Amino acid sequence: MGKEKRGGKRLNKKQLAEKLTGFFQSQPDATFSFKQIFHSLKLTTHPLKMLAIDIMEEMAWDDFLSKVGENAYTLNTKGQVQEGTFMRKSNGKNTFLPEDGGTPVFVSERNSMSALNGDRVRVQFMARREKHIKEAMVIEILQRKKDTFVGRLKVEKDIAFLITQENLFVHDILIPKKKLKGGHTDDRALVKITKWPDADHKNLVGEVVDVLGQAGDNDVEMNTILAQYGLPYRYPKKVEEAANKISGEITAKDLAEREDFRDVWTCTIDPKDAKDFDDALSIRRLDNKLWQVGVHIADVSHYVKEGDVIDKEAQQRATSIYLVDRTIPMLPERLCNFVCSLRPNEEKLAFSVIFDLDDNAEIKSYRIVHTVIKSNRRYAYEEAQQILEDNGVVDGTEEPAPLPGKEGYKGEFAEEIITLDRLAKLLRKKRFKNGSVKFDSEELHFDVDDKGKPTRCYFKRSKDANKLIEEFMLLANRHVAESIGKVAKGKNPKTLPYRVHDNPDPQKFENLRQFSAKFGYKLKSSSTKGAAARAINALMDEVQGKREEKVIQTIALRSMMKAKYTIHNIGHFGLAFDYYTHFTSPIRRYPDTMVHRLITRYQGGGRSANKDHYEELCEHCSDMEQVAQNAERDSIKYKMVEFMGEHIGESYDAHISGIQSYGIYAEIDENHCEGMIPMRDLDDDYYDFDEKNYCLIGRRHHYKYQLGDPIRIKVARANLERKQLDFTLDDNKERAYRPAPETDKKSKRRRRK
């Protein structure tokens with residue numbers, strides 16, 4: 001046993017372990033970094049410090065200590081039984097997530113008690129086997145995450161089964177014949193579990209709640225996606241009946257209580273197939289030479305009262321859902337497409353933010369008021385964009401157009417559109433200067449026929465007309481948040497749902513810095529959010545147009561935290577705003593309706609709202625936003641696989657969009673459809689997975705597949721059931737030999753099977 005000298009005495013491993021044990025036990029709730037531990041125990045020599053680190057690693061292995069990050073430890077006071085969330089994986093690599101956010105722990109299938117993804121469970125940690133990972137055993141299922149599941153029916157002579165798409169269960173769900181509700185083999189169905197597995201019975205038993213229809217039918221498949229996420233695929237009759245009773249008539253009382261903007265030029269700019277117009281812009285020149293721009297938002301809260309049947313349904317849904325070929329609205333159709341929608345040439349009630357700006361887009365004053373408006377014109381984005389381009393405005397430039405002159409314009413109301421674009425570009429330029437992160441995203445779109453079959457697949461990039469609307473919506477959201485959040489010193493701000501975005505994850509930001517350095521780019525590390533955002537923007541500018549642009553942007557996006565709703569304001573990193581909320585889309589987002597109600601309440605002298613109630617609503621809305629996004633992505637995946645299924649055997653130029661130990665993800669350059677090349681199809685070598693450098697490296701020939709590399713692929717398989725697209729490598733013999741770099745010794749090795 002090794003000994004180290006300290007203060008004239010030698011410390012052996014046992015003595016140092018005793019000192020560390022006493023140190024942690026004396027302060028059981030504290031977390032200590034290596035530096036603090038070395039200082040407190042007066043470990044001054046390098047060998048002594050290394051010995052201490054080795055001992056603490058062993059203590060963590062034995063569950064005496066818990067590791068916090070890479071360089072800190074705390075005493076493990078949680079014991080061997082803990083509660084948390086069970087995460088089920090189709091590959092059998094199930095995990096337990098402790099409720100305090102600790103490190104995930106592996107749970108084998110035989111020790112899972114058939115727990116399902118998201119179930120709240122109690123586990124017991126198992127005795128650690130030498131050279132084996134930490135394992136846990138589920139000893140009790142405390143709460144089921146869900147009890148209804150979607151799948152395909154298989155009806156046999158004596159019994160029926162539900163086969164789930166996710167392959168969540170070891171056994172299929174048994175359904176008694178009398179509980180089939182008329183379902184047949186290959187019908188998609190929604191099934192409720194009536195009996196869970198126990199010690200005597202390993203199968204799940206269920207009953208059909210709803211038969212969705214035959215697999216393969218477009219409507220059935222879209223409804224299946226919604227049902228799979230517990231989302232509604234039809235509107236309750238009683239809610240629609242309540243909405244149909246709302247007249248939408250504007251009374252004399254309404255007019256008397258509102259500012260009148262009916263004679264001010266106003267327009268809406270939306271997607272060409274939109275019907276729910278929840279925002280409009282007005283503009284006029286004031287006598288003092290300022291521009292007055294009104295951001296007018298549909299006044300949903302005037303019609304939907306808190307606690308009524310429509311409000312309860314909207315609150316539960318929390319958001320509209322946009323699948324490829326349909327919208328599942330948050331509000332009944334009568335409200336979202338007619339009564340509240342800011343349709344052209346109709347008088348409408350709005351909640352507005354009115355800005356007075358000078359020619360440099362400096363805001364001189366603003367006010368938040370209830371208004372009545374009348375839109376002069378409804379533009380599709382493409383129409384507004386065409387007006388800008390017909391009048392010499394170059395798309396993509398951040399430089400604002402010159403002030404309008406007398407030479408005349410091409411297009412109806414062109415002067416107003418060009419002026420709004422000019423002011424928006426000035427606002428955008430200032431926003432980026434102040435540290436707003438610059439990402440230009442692309443969206444995958446499909447043209448579908450009357451049966452929902454995709455006929456064309458393409459991607460859209462935001463143009464000036466889109467950015468014009470975006471900029472004024474950001475401006476309105478920001479100033480509404482400031483009107484409540486910014487208060488005099490010593491005063492408490494009133495309750496408001498904020499849209500917050502935390503600083504990037506430090507470790508992921510460091511990964512981005514190291515990864516971009518491999519391509520010769522320097523990303524400055526910084527602890528301040530403004531400097532971090534400017535560093536990211538500088539990197540995005542530097543990589544623009546380069547081969548590695550897409551891959552570096554992907555890694556940068558992965559370093560970002562998710563935005564969410566909360567009453568606890570921490571600012572918005574991505575936008576570089578100290579105060580930000582959602583006010584501008586109450587037809588399709590419930591938080592905006594919450595904000596409308598609270599602003600109206602506070603303007604009338606009302607007291608601050610209940611914090612706990614609104615924080616609970618914020619959490620619900622954040623959760624539902626994520627669920628809706630997952631459903632939207634699934635609908636895109638389904639249409640992508642359906643579209644590419646018509647092109648089996650065809651070859652395309654692509655680039656590597658993801659690297660995993662089990663294969664390569666590739667995105668087709670032409671249409672952005674993504675598929676996977678399984679590891680089994682890389683049959684020219686044995687490949688090691690270098691997770692740190694996002695690449696696969698051949699052992700014999702040293703070929704390297706790296707994120708962002710161009711490759712040629714052939715469409716091999718299209719599995720609609722699993723929404724899975726498989727590619728194979730086409731003729732890539734021209735791929736250059738690239739010697740493998742020195743790889744991290746901890747890189748995961750993957751041998752082709």
Side-chain angles (χ1 to χ4, degrees), residues 258-270 277-299 342 344 348-379 381 384-385 387-388 391 393 398-404 409 411-431 434 436 464-483 575 577 579-585 592 596 599:
R258 294 168 179 265
E259 283 197 34
D260 194 341
F261 275 77
R262 288 176 293 180
D263 292 332
V264 182
W265 185 85
T266 304
C267 76
T268 60
I269 307 178
D270 291 278
F277 312 133
D278 51 13
D279 57 79
L281 292 178
S282 68
I283 186 168
R284 62 178 166 184
R285 191 72 150 166
L286 300 176
D287 293 340
N288 58 6
K289 304 301 182 186
L290 294 178
W291 293 104
Q292 186 178 82
V293 176
V295 181
H296 305 287
I297 309 302
D299 195 355
L342 306 181
K348 295 289 180 179
L349 301 183
F351 205 177
S352 308
V353 189
I354 312 299
F355 296 97
D356 292 348
L357 308 96
D358 65 16
D359 287 332
N360 295 316
E362 294 290 340
I363 298 167
K364 299 303 180 182
S365 65
Y366 77 94
R367 61 188 187 277
I368 305 167
V369 290
H370 289 87
T371 59
V372 58
I373 69 167
K374 187 176 181 181
S375 173
N376 297 78
R377 179 74 152 80
R378 183 260 157 138
Y379 292 97
Y381 281 121
Q385 183 65 34
I387 287 173
L388 293 174
N391 286 276
V393 178
E398 293 301 324
E399 291 305 314
L403 281 170
Y409 294 94
E412 189 180 14
F413 304 119
E415 182 176 355
E416 287 83 356
I417 296 292
I418 291 168
T419 305
L420 286 168
D421 176 70
R422 181 184 176 281
L423 294 170
K425 282 192 168 115
L426 288 165
L427 291 167
R428 184 176 170 84
K429 193 173 183 179
K430 277 185 279 191
R431 181 162 61 83
N434 291 333
S436 189
D464 283 350
N466 305 75
K467 294 173 184 176
L468 181 165
I469 293 298
E470 177 190 37
E471 209 57 49
F472 282 109
M473 298 308 117
L474 293 176
L475 192 70
N477 287 332
R478 175 187 180 181
H479 281 81
V480 167
E482 285 181 354
S483 73
L575 295 171
F577 291 164
Y579 303 90
Y580 189 65
T581 189
H582 274 170
F583 174 84
T584 54
S585 295
D592 302 56
H596 279 220
I599 297 293

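The model shown is predicted, which means the values in this text are computed figures rather than measured ones.
- A pairwise comparison of heavy atoms in Ile417 and Ala384 identifies CG2-O, 4.3 Å as the closest pair.
- In this structure, the ring pair (Phe, Tyr, Trp, His ring centres under 6.0 Å) partners of Phe261, at least two apart in sequence or on a different chain, are His296.
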For this session: Show your working on side-chain contact (heavy atoms from CB on, under 4.5 Å) between Leu388 and Ile418 and close with a plain yes or no.
Result: CA-CA 6 Å; Leu388 293 174; Ile418 291 168; 4.1 Å; yes
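- Note: Thr268 OG1 to Tyr379 OH = 9.5 Å, rounded to the nearest 0.5 Å.
- Atoms CD1 and CG, from Ile297 and Leu342 in turn, are 7.5 Å apart once rounded to the nearest 0.5 Å.
- Using cut-offs of 30° and 60° on the angle between ring planes, the pair Tyr580 and Phe577 is tilted.
- Heavy atoms from other residues, nucleotides or ligands lying under 6.0 Å from CG of Asp263 number 12 at most.
- Rounded to the nearest 0.5 Å, atoms SG (Cys267) and CD1 (Ile373) are 10.0 Å apart.
- Residues Ile363 and Leu475 form a side-chain contact, since some pair of their non-hydrogen atoms from C-beta on lies under 4.5 Å apart.
- Between Thr266 and Ser282, the shortest heavy-atom distance links the atoms OG1-CB, 3.3 Å.
- Partners of Glu412 by side chain to side chain contact (heavy atoms under 4.5 Å, CB included), not counting sequence neighbours, listed by chain and number: Arg377.
- Note that CD1 of Ile469 and CG of Leu420 are 8.0 Å apart. Values are rounded to the nearest 0.5 Å.
- Distance check: Thr371 OG1 to Leu349 CG gives 8.0 Å after rounding to the nearest 0.5 Å.
- Considering CG of Asp270 and CG of Asn466, their distance stands at 10.5 Å, rounded to 0.5 Å.
- When the side chain to side chain contact (heavy atoms under 4.5 Å, CB included) test is applied to Glu471, the partners found at least two apart in sequence or on another chain are Ala424, Leu427, Arg428, Arg431, Leu474.
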For this session: Could you give me the CA-CA distance, side-chain angles and deciding distance for Val353 and Phe583, then say whether side-chain contact (heavy atoms from CB on, under 4.5 Å) is met?
Result: CA-CA 10 Å; Val353 189; Phe583 174 84; 3.8 Å; yes
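- Closest heavy-atom contact between Ser483 and Ile368: OG-CD1, 3.6 Å.
- Side chain to side chain, Ser585 and Asp592 fail the donor-acceptor criterion of an N or O pair below 3.5 Å.
- Within the 3.5 Å criterion, the main-chain N or O of Leu286 finds no donor-acceptor partner in the side chain of Gln292.
- With sequence neighbours excluded, no residue forms a side chain to side chain donor-acceptor pair (under 3.5 Å) with Arg378.
- In this structure, the side chain of His582 does not engage the main chain of Asn477 through any donor-acceptor pair within 3.5 Å.
- Every salt bridge (Lys or Arg N to Asp or Glu O under 4.0 Å) that Asp464 has, sequence neighbours left out, goes to Lys425.
- Of all heavy-atom pairs between Asn391 and Ala414, the closest is ND2-CB, 3.9 Å.
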Problem set entry | Residues Lys348, Phe277; criterion side-chain contact (heavy atoms from CB on, under 4.5 Å); working and verdict | CA-CA 11 Å; Lys348 295 289 180 179; Phe277 312 133; over 6 Å; no
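- Under the side chain to side chain donor-acceptor pair (under 3.5 Å) criterion, Glu416 pairs with no residue at all, not counting sequence neighbours.
- Not a single side chain to side chain donor-acceptor pair (under 3.5 Å) links Glu470 to another residue, sequence neighbours left out.
- A search for ring pair (Phe, Tyr, Trp, His ring centres under 6.0 Å) contacts involving His370 returns Phe351, not counting sequence neighbours.
- Phe472 pairs by the ring pair (Phe, Tyr, Trp, His ring centres under 6.0 Å) definition with nothing, not counting sequence neighbours.
- At least one cation-pi condition fails for Arg284 and Trp291: the charged atom is not both under 6.0 angstrom from the six-membered ring centre and inside a 45 degree cone around its axis.
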Problem set entry | side-chain contact (heavy atoms from CB on, under 4.5 Å) evaluation trace for Val369 with Arg258 | CA-CA 7 Å; Val369 290; Arg258 294 168 179 265; over 6 Å; no
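- Minimum heavy-atom separation, Ile354 to Gly294: CD1-CA, 3.8 Å.
- The side chain to side chain donor-acceptor pair (under 3.5 Å) search around Asp279 returns none, not counting sequence neighbours.
- Contacts of Arg262 classified as salt bridge (Lys or Arg N to Asp or Glu O under 4.0 Å), with partners at least two apart in sequence or in another chain: Asp260, Glu347.
- Annotation: side chain to side chain contact (heavy atoms under 4.5 Å, CB included) contacts of Asp358 (sequence neighbours excluded): Leu290, Asn360, Glu362, Lys364.
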